[in-house]
Amino acid sequence: MFFKKYAIGVAALLFFACACNKKAATSATTVEYTYQQVSPPFNADSAYQYVAKQVDFGPRVPDTKEHKACGDYLVAQLKRFGADVTEQVATVKTYDGIKLKSRNIIASYSPEKENRVVFFAHWDTRPFADHDPDPSKQNTPILGANDGASGVGVLLEVARVLKSKPADAGVDIIFFDVEDWGEPETAKDVPPGDWWCLGTQYWAKNPHKEGYKARYGILLDMVGAPDATFYKEGFSMEYAADIVEKVWSNARLLGYGKYFIDARGGTITDDHVPVNQIAEIPSIDIIQQDKNSQTGFSWYWHTTKDNMDNVSKETLKAVGQTILEVLYKEK
Ligand code: AHN
Ligand code: ZN
């Protein structure tokens, strides 16, 4: 614990020392800054366990018993962490004409407060590994350790922290369902429509509370990979550039600049789109992008290799501590 704080302090000092060198040369005064973290510690071991637990259920494909069991686990955890939990069940229709039961899970802290922040992630997993290099596996469901479970694991840890130290702002944590049943690129005769993020679209049109508003939203999607790189995503910059800058600058203050890259990334259809466009809550997406891969995401994205080997406690910590820092500064 001591060592970690010390290391962060040194990193911050080095950073500022470099930044200040030029000034020092002209004004002959050297100012030393140490950044004092305001948020309680984010426990990455705990977050990692919450990711592993979800993966242990197996793929969480809507309308399967593994999905049901995992949903029950998420609800129980959030209740244990002192949240007011609402479940929103709906029937949604997929691009391939299947009707599914969608279950959005909403955890509220200080629901009476008007000043609120919403954090979200999807908890379902993709029913087909359509990007698997092995054609015989392209119809198998994915484990979704990174794609799904990582964001949910980080947010469960945020919930645990909120129980022990409430934030000044109200908080909602939403686990959206049926995000990942979007059409494969090779699908034929796909009817026109928005087939990703079905649970989120439902919630954005039918919020769990009439007239629900939050100051801003932060989506966590694929936030567990070792050495993940988070670029400033297109829709996030279009709808909520100030929130992007706030998150990225807090990450840098905490010494996580190697994950939160100060550069623009691609524009991605994801759960923050309906939250921006339909619910009209300015929202950003913290999503791993790999500029060197074919898909723009990690090499194992939507393959059978999206397993716990690709989840790193360091990355979970960088993301979790950063959003806690932003949250606990919110007055
Ligand atoms: C598209 O591939 C269009 N959007 C990515 C959204 C996503 C899928 N995030 C995780 N899985
Ligand atoms: Zn996915």
Side-chain angles (χ1 to χ4, degrees), residues 51 54-55 58-62 64 67 70 92 94-96 100 102 104 119-132 137-155 174-187 190-201 203-204 217-225 228-236 238-239 265-277 283-291 293-307 310-311 315 319:
V51 179
Q54 294 169 75
V55 173
R60 281 84 63 212
V61 173
T64 64
H67 177 266
C70 183
V92 295
T94 64
Y95 79 91
D96 46 354
L100 297 171
S102 161
N104 292 330
F119 295 134
F120 48 106
H122 76 90
W123 73 275
D124 62 306
T125 53
R126 188 156 178 80
F128 19 75
D130 49 322
H131 282 283
D132 205 285
K137 291 185 177 154
Q138 289 169 356
N139 258 322
T140 13
I142 70 164
L143 271 176
N146 195 30
D147 190 355
S150 64
V152 171
V154 167
L155 294 181
I174 309 186
F175 298 149
F176 287 119
D177 203 358
V178 207
E179 185 272 346
D180 227 346
W181 204 297
E183 68 281 9
E185 279 149 39
T186 52
V190 175
D194 300 317
W195 302 109
W196 298 90
C197 313
L198 297 180
T200 312
Q201 291 187 51
W203 176 85
I218 300 179
L219 164 61
L220 305 186
D221 193 6
M222 304 192 277
V223 292
T229 43
F230 306 116
Y231 292 90
K232 299 175 175 179
E233 182 274 334
F235 286 120
S236 309
E238 180 179 338
Y239 289 101
T267 298
I268 297 159
T269 300
D270 209 344
D271 288 320
H272 64 321
V273 174
V275 178
N276 274 307
Q277 295 182 344
S283 296
I284 70 161
D285 192 3
I286 302 178
I287 182 168
Q288 181 204 355
Q289 297 194 53
D290 181 346
K291 297 207 160 170
S293 87
Q294 286 261 327
T295 62
F297 302 115
S298 55
W299 60 268
Y300 50 84
W301 181 65
H302 291 179
T303 76
T304 54
K305 293 280 175 354
D306 184 355
N307 57 33
N310 298 307
V311 177
T315 308
V319 173

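All values reported here derive from a predicted model rather than from experimental measurement. As the structure lists them, so they are numbered: ligands from 1, and atoms in each ligand from 1.
Residue contacts with ligand 1 include H302, since one or more of its heavy atoms lies under 4.0 Å from the ligand.
Looking at D194 and Q201, their side chains never bring a donor and an acceptor atom within 3.5 Å of each other. Between Q277 and Y239, the side chains place a donor N or O and an acceptor N or O closer than 3.5 Å (distance only, hydrogens not considered). H122 and D147 share a side-chain donor-acceptor pair at under 3.5 Å. Counted by atom type alone, S236 and D285 present zero donor-acceptor pairs between their side chains at under 3.5 Å.
Protein heavy atom in closest approach to atom 7 (C) of ligand 1: E179 OE2, 3.1 Å. Among all protein heavy atoms, the one lying closest to atom 4 (N) of ligand 1 is T269 O, 3.0 Å. For atom 8 (C) of ligand 1, the closest non-hydrogen atom on the protein side is D180 OD1, 3.2 Å.
For T140, the side chain to side chain donor-acceptor pair (under 3.5 Å) criterion is met by no residue, not counting sequence neighbours. Every salt bridge (Lys or Arg N to Asp or Glu O under 4.0 Å) that D180 has, sequence neighbours left out, goes to R126. Residues satisfying the side chain to side chain donor-acceptor pair (under 3.5 Å) test with T200, not counting sequence neighbours, are D271.
In this structure the side chain of V154 never reaches within 4.5 angstrom of the side chain of F119, judged on heavy atoms.
Protein-derived N/O/S atoms nearer than 2.8 Å to the Zn ion (ligand 2) total 4, waters excluded.
Residue-ligand proximity, D147 to ligand 1, at heavy-atom distances under 4.0 Å covers atoms 10 (C), 11 (N). Numbered from 1 in the order shown, with element, the atoms of ligand 1 that lie under 4.0 Å from a heavy atom of D221 read 7 (C), 9 (N), 10 (C).
Under a cut-off of 6.0 angstrom, the local environment of NZ in K305 is sparse, with at most 12 non-hydrogen atoms contributed by other residues, nucleotides or ligands.
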